[in-house]
Amino acid sequence: MSEAVSFSPEPVAVTERAVAKVKSLLEDEGNPELKLRVFVTGGGCSGFQYGFTFDELVAEDDAVIDKDGIQVLVDAMSYPYLVGASVDYEEGLSGSRFVVQNPNASSTCGCGSSFSI
């Protein structure tokens, strides 16, 4: 008889490239207390847009995702829009940036920074 395995999915997945970039930015800042905050605001050409910032403070209602030595924060208002999403970091000819792959989005704009549900 096999033993039941406990599985706790992350509300927001963070790719290895995103983790590496966050670690690099934290090292550049010289402040290991910073955490990547991912949030959703109204705006952009599709209705909602993603935002990224670094924050030292964790609010009482933040979801905290620990991933390979970094922490990602998602506020309670953004959480329902981001459950199941993944945060990646891309570098290309058009620049470098954090991007969100969001299965909750029904459409996205051409640049990928805004979405609708």
Side-chain angles (χ1 to χ4, degrees):
M1 177 180 265
S2 65
E3 187 173 312
V5 176
S6 177
F7 176 69
S8 300
E10 295 176 337
V12 176
V14 183
T15 67
E16 290 180 18
R17 286 187 299 207
V19 169
K21 186 61 180 179
V22 169
K23 285 181 176 178
S24 170
L25 292 170
L26 294 180
E27 192 174 303
D28 290 347
E29 288 295 320
N31 183 352
E33 299 302 315
L34 292 173
K35 299 143 186 66
L36 178 65
R37 179 174 292 282
V38 182
F39 57 95
V40 173
T41 63
C45 52
S46 294
F48 297 102
Q49 60 187 0
Y50 304 109
F52 304 91
T53 187
F54 283 99
D55 201 339
E56 288 183 324
L57 303 175
V58 178
E60 190 174 295
D61 58 352
D62 281 342
V64 180
I65 297 105
D66 290 303
K67 176 75 174 188
D68 298 334
I70 68 158
Q71 289 187 317
V72 177
L73 307 176
V74 178
D75 64 83
M77 199 166 112
S78 301
Y79 187 89
Y81 298 106
L82 293 171
V83 169
S86 69
V87 176
D88 194 8
Y89 185 77
E90 293 180 349
E91 293 180 334
L93 294 175
S94 60
S96 54
R97 62 188 176 147
F98 288 101
V99 295
V100 175
Q101 301 296 323
N102 189 345
N104 304 309
S106 60
S107 65
T108 60
C109 68
C111 69
S113 64
S114 68
F115 66 100
S116 63
I117 294 193

Q: State whether Arg37 and Asp62 are salt-bridged, where the test is any N-O pair (Lys NZ or Arg NE/NH1/NH2 against Asp/Glu carboxylate O) under 4.0 Å.
A: yes
Q | Any donor-acceptor N/O pair, Asn104 side chain to Tyr81 backbone, under 3.5 Å | A | yes
(Q) For Val38 and Leu82: C-alpha separation, side-chain torsions, deciding distance, then whether side chain to side chain contact (heavy atoms under 4.5 Å, CB included) applies. (A) CA-CA 9 Å; Val38 182; Leu82 293 171; 3.9 Å; yes
Q | Minimum heavy-atom distance Val87-Ala18, with the two atoms named | A | O-CB, 3.6 Å
Q: Just jot down the salt bridge (charged side-chain N to carboxylate O under 4.0 Å, His left out) partners of Asp75, sequence neighbours excluded, or say none.
A: none
**Q.** Joint hydrophobic cluster, Leu26 plus Leu73, side-chain heavy atoms closer than 4.5 Å
**A.** no
Q. Parallel, tilted or perpendicular: which fits the ring planes of Phe98 and Tyr89, with parallel below 30° and perpendicular above 60°?
A. perpendicular
Q. What about Phe39 and Val74, same hydrophobic cluster or not, with Ile/Leu/Val/Met/Phe/Trp/Tyr joined at side-chain heavy-atom distances under 4.5 Å?
A. no
Q) When rounded to the nearest 0.5 angstrom, what distance separates NZ in Lys21 from CD in Glu90? A) 13.5 Å
Q. So, for Lys35 and Glu56, which heavy atoms are closest and what is the spacing to 0.1 Å?
A. NZ-O, 3.5 Å
Q.
Set out, in order, the CA-CA distance, both residues' side-chain angles and the distance that settles side chain to side chain contact (heavy atoms under 4.5 Å, CB included) for Val100 and Phe52, then state yes or no.
A. CA-CA 10 Å; Val100 175; Phe52 304 91; 3.6 Å; yes
Q) Can you get from Leu25 to Val72 by hopping between Ile, Leu, Val, Met, Phe, Trp and Tyr side chains that sit under 4.5 Å apart? A) yes
Q) When clusters are formed from ILVMFWY side-chain contacts under 4.5 Å, directly or step by step, what else is grouped with Leu57? A) none
Q: Dump the intermediate steps for side chain to side chain contact (heavy atoms under 4.5 Å, CB included) on Val40 and Tyr50, then the final yes or no.
A: CA-CA 5 Å; Val40 173; Tyr50 304 109; 4.2 Å; yes
Q. With a 4.5 Å heavy-atom cut-off, do Leu36 and Ile70 have their side chains touching?
A. no
Q. Other than Met77, what residues sit in its cluster of Ile, Leu, Val, Met, Phe, Trp and Tyr side chains whose heavy atoms are under 4.5 Å apart, directly or through others?
A. none
Q. So do Asn31 and Phe54 actually touch side chain to side chain, heavy atoms under 4.5 Å?
A. no
**Q.** Heavy-atom closest contact (Ala85 atom, Pro103 atom, distance)
**A.** CA-CD, 3.7 Å
Q: To the nearest 0.5 Å, tell me how far Asp28 CG sits from Lys23 NZ.
A: 14.5 Å
